[in-house]
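Each ligand, and each atom within it, is numbered from 1 in the order the structure gives. Source: prediction; values computed, not measured.
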Amino acid sequence: MTALDLPLTPTTTTVRAACPHDCPDTCAMLVTVEDGRATKVAGDPEHPITRGGLCVKVNNYQEKTYSPDRVLHPLRRIGPKGSGRFEQISWESALETIATTFQEKIAEHGSETVMPVSYLGTQGILNGLSAGDAFFHRLGATVTERTYCDSGACTAYASTVGATAGVDPESIVHSKYIIIWASNTISTNLHLWPVIAEAQKRGAKVVCIDPMRHRTAQRADWHIPIRPGTDGALALAMMHVIITEDLYDEEYVREYTLGFDELSERVAQYTPEWASEETGIPVEDIRTLAREYATTDPAMIRIGVAIERHAGGGQTVRSIACLPALVGAWRHVGGGLLQLPLWAHPVNWPAFIHPEYRTPGTRVINQFLLGRALTGEMALDTPVTAIMVYNSNPMVVSPEQEKIAAGLAREDLFTVVSDHFLTDTAMYADIVLPATTQLEQHDIMFSWGHFYVTLNVPAVAPEGEAVPNTELFRRLAKAMGFDDEFFQLSDEQLLEQAYDWSAPAMEGITLESLRETGWARLNLPSPDEYRPHAEGGFPTPSGKTEFRSSALEAVGNFVVNLFRQLSDDHQPGGTVDPLPHYVEPRERGEVYPLNLLSPKSHAYINSSAGDQAMQKRVQGEQTLTIHPDDAEARGIDEGNYVAVTNDRGRFVALAHISAEVAPGVVVCPMGSWRKNAKEGTTVNAVNPFVFADLGNAPTFSDTRVEVSPV
Ligand SMILES: Nc1nc2c(c(=O)[nH]1)N[C@H]1C(S)=C(S)[C@@H](COP(=O)(O)OP(=O)(O)OC[C@H]3O[C@@H](n4cnc5c(=O)[nH]c(N)nc54)[C@H](O)[C@@H]3O)O[C@H]1N2
Ligand SMILES: Nc1nc2c(c(=O)[nH]1)N[C@H]1C(S)=C(S)[C@@H](COP(=O)(O)OP(=O)(O)OC[C@H]3O[C@@H](n4cnc5c(=O)[nH]c(N)nc54)[C@H](O)[C@@H]3O)O[C@H]1N2
Ligand code: SF4
Ligand SMILES: [Mo]
């Protein structure tokens, strides 16, 4: 444990930690520990991104650790499924029950009958995305494809500019034209905002393209409300204007791009007049945006995750990713595209995933299909009869919520859940296992929002019998009789494997140095000089920005996700037009007229913190924001309960009437728990499982509903 030498009372220490959450900011935390108890968490004032502040989701994190609601011991169900009635059991008994039941189910149906369900409850390299993969591969369990977040955008981005870290977020202070495209930065990427605000102060124009005039849009110089799911039309029309008006960077295009002639031909049809019809944006605004973007240096685009969540999300990102090369924005410090800087982090994923443990050809089920897989609506040779949920709360975060509820209620399904709390999912478990919080575990964090590596040192001993995911899978491996060396490695040993320490980006950074400093910037040029593609050098097959994508041409549709999950033998395939093109939203409103969006809440982090008192106070009840015209037409007043319905389901929310949303659009943030919702369902009750055009991305923004008073 690293105690910084701060002048506090003798029993008080400060421990360097890292926020564990799935958030681009990856804040460096300082934890105050008094007499073995964490009493305060704060942002590290020295950290260039954290700048001394945590957010409303995490600034009372110690209260999560000491919450009276925490699961502190293994539990066994004693009431009907979903009743939440449990009794405490020993770890020994829990492990034995799990091992025996897995073995029985496997003996009857084969190993694919077991299915892990996990995502990003923690983002730590040890306990996060890949935790458990080695165990389940070794077991021969169904492989779960996890494409909740940015897999469509990553596939599109990688097949256009390659898996490049893109613009350094700290370089944005130098930008003069900043397009925030589908991101509510102040809520979801808070620590990027001071950089954007600084650029704005220095004269940059900030443009926000979003159907909602949220906190961030309100601070922009220009908010462009767009019809959801039509961003591709806007980007294609921008290219049309830039090419027809000769505003492109001829030399950059010639040297560092592939397929310009075909692109010009392709975008000829995508006129601003046509795009205006699709997007609802006036023709002159489309032209102005294209002209200003092409002629202001440095120009940068920040794309949010929500940009991918509709039928044409992949092609939308393809088109946007073409723009910076077309105008030569990459030439300048602070020019280009910011997607996920995580591509700069040399994380050693294979050491955790152990792809070689997996039997080739093992069945893959995408987690969006969980409801269908559990209810038998999906044709399966081997039924799913045992699931293990950790780092996730599918009852809240996955589409087709009611199908998941029906599936989890199945008497013959054996459900194990490891979590901090009795979540909406854990309520249905047969066995619940207690997980440690970040204050009680070792981890090391990459970031998908900046270029800093952060070490997390445990500040306090675990409460009760909670264990980190690393230890959970060591225990399960032992119970199953797996004696591979990986399952013997301690957390300290795992830390040593987390990064490729010999990669150029890690030069000068070691575990020892991180124990001193807590965090370090990757070994990359300074943000005042960083121009990664000033002279091309894109990590694509051609080394250029590929207007015509050779990857899409060669392999068709494929999945690239955050941690390069290795499912090469299970790619969606199917031919894909290698040139950017427009894909319309799928749900066009013939039956259900309103387009529902379910972005992130301000006070919760996905469903995490969704049942914590302070955060619930800040976030309030599940709310649906609706335009005054749409409310009036339906006889809805402010503060009424309204039912939001479609063929897939229904949920009830409090109506908030506001012109912040365009007519025809309604917004209900995701993250509220079912147990706190008026009729016990939340926004994912009405969302579809349907994939977007690339990367098996979700289509949460491509949902139509009707709203009526209750
Ligand atoms: N407070 C908070 N912060 C978070 C999270 C959280 O739960 N809460 N979650 C974290 C995670 S996992 C992620 S992925 C990120 C995501 O953070 P963001 O990338 O900001 O994503 P969202 O909040 O889902 O949506 C952002 C905006 O996209 C808009 N939008 C929706 N559909 C469309 C569309 O078709 N076109 C356009 N132009 N805009 C559209 C919505 O109106 C919304 O304002 O946030 C991270 N940070
Ligand atoms: N409608 C709609 N649905 C969405 C989205 C949306 O915008 N709209 N966003 C999607 C996106 S971008 C994302 S990233 C996903 C997020 O989906 P998830 O990653 O499943 O996110 P959380 O709801 O935060 O669930 C994490 C759970 O893991 C638990 N947990 C945290 N740390 C640990 C640990 O160390 N060990 C164990 N065992 N458990 C732990 C938490 O307590 C919590 O219950 O949701 C997706 N779902
Ligand atoms: S959730 Fe994000 S903004 Fe909040 S403390 Fe964690 S990393 Fe920072
Ligand atoms: Mo996400």
**Asked** Should the pair Tyr499 and His345 be assigned to parallel (<30°), tilted (30 to 60°) or perpendicular (>60°) ring geometry?
**Response** tilted
**Message:** Run Asp611 and Lys675 through salt bridge (charged side-chain N to carboxylate O under 4.0 Å, His left out) and show every step you take.
**Reply:** CA-CA 9 Å; Asp611 198 35; Lys675 72 175 242 208; 2.7 Å; yes
**Prompt:** Aromatic ring centroids of Phe421 and Trp673 under 6.0 Å?
**Reply:** no
**Which residues share a ring-ring contact (aromatic ring centres under 6.0 Å, His included) with Phe451, sequence neighbours left out** = Tyr530
**Asked** Is it the case that more than 12 heavy atoms not belonging to Arg70 sit under 6.0 Å from its CZ atom?
**Response** yes
**Message:** Can you give me the closest heavy-atom contact between Val686 and Val644, atom names plus distance?
**Reply:** CG1-O, 3.8 Å
**Item:** Backbone of Pro48 reached by a side-chain donor or acceptor of Arg51 within 3.5 Å
**Value:** yes
**Request:** Determine, for Glu292 against Lys205, whether the closest basic-nitrogen to carboxylate-oxygen distance falls under 4.0 angstrom.
**Result:** yes
Within the protein, flag every N or O under 3.5 Å from an N or O of ligand 1, and note the pair and distance.
from, atom 1, to, atom 2, distance (Å)
ligand 1, 1 (N), Lys57, NZ, 3.3
ligand 1, 1 (N), Ser187, O, 2.9
ligand 1, 1 (N), Ser601, O, 2.8
ligand 1, 1 (N), His602, O, 3.1
ligand 1, 3 (N), Ser187, O, 3.3
ligand 1, 7 (O), Tyr604, O, 3.3
ligand 1, 7 (O), Asn606, N, 2.6
ligand 1, 7 (O), Asn606, OD1, 3.4
ligand 1, 8 (N), Ser601, O, 2.9
ligand 1, 8 (N), Tyr604, O, 2.7
ligand 1, 17 (O), Thr188, OG1, 3.4
ligand 1, 19 (O), Val305, N, 2.8
ligand 1, 20 (O), Asn184, N, 3.1
ligand 1, 20 (O), Thr188, OG1, 2.7
ligand 1, 23 (O), Lys600, N, 3.1
ligand 1, 24 (O), Arg309, NH1, 2.8
ligand 1, 28 (O), Asp210, OD2, 3.4
ligand 1, 32 (N), Ser701, OG, 2.9
ligand 1, 35 (O), Gly229, N, 2.8
ligand 1, 35 (O), Asp231, OD1, 3.4
ligand 1, 36 (N), Asp231, OD1, 2.7
ligand 1, 36 (N), Asp231, OD2, 3.3
ligand 1, 38 (N), Ile209, O, 3.2
ligand 1, 38 (N), Asp231, OD2, 2.7
ligand 1, 42 (O), Asp210, OD1, 2.7
ligand 1, 44 (O), Asp210, OD1, 3.2
ligand 1, 44 (O), Asp210, OD2, 2.8
ligand 1, 44 (O), His214, NE2, 3.1
ligand 1, 47 (N), Thr188, O, 3.0

**Request:** Have a look around atom 4 (Fe) of ligand 3 and list protein N/O/S atoms under 2.8 Å, or say none.
**Result:** Cys55 SG
Name every donor-acceptor pair, under 3.5 Å, that has one atom in a side chain of residues 452-459 and the other anywhere in the protein, sequence neighbours excluded.
from, atom 1, to, atom 2, distance (Å)
Tyr452, OH, Glu170, OE1, 3.4
Tyr452, OH, Glu170, OE2, 2.9
Asn456, OD1, Ala18, N, 2.9
Asn456, ND2, Gln438, O, 2.9
Asn456, ND2, Gln441, O, 2.8

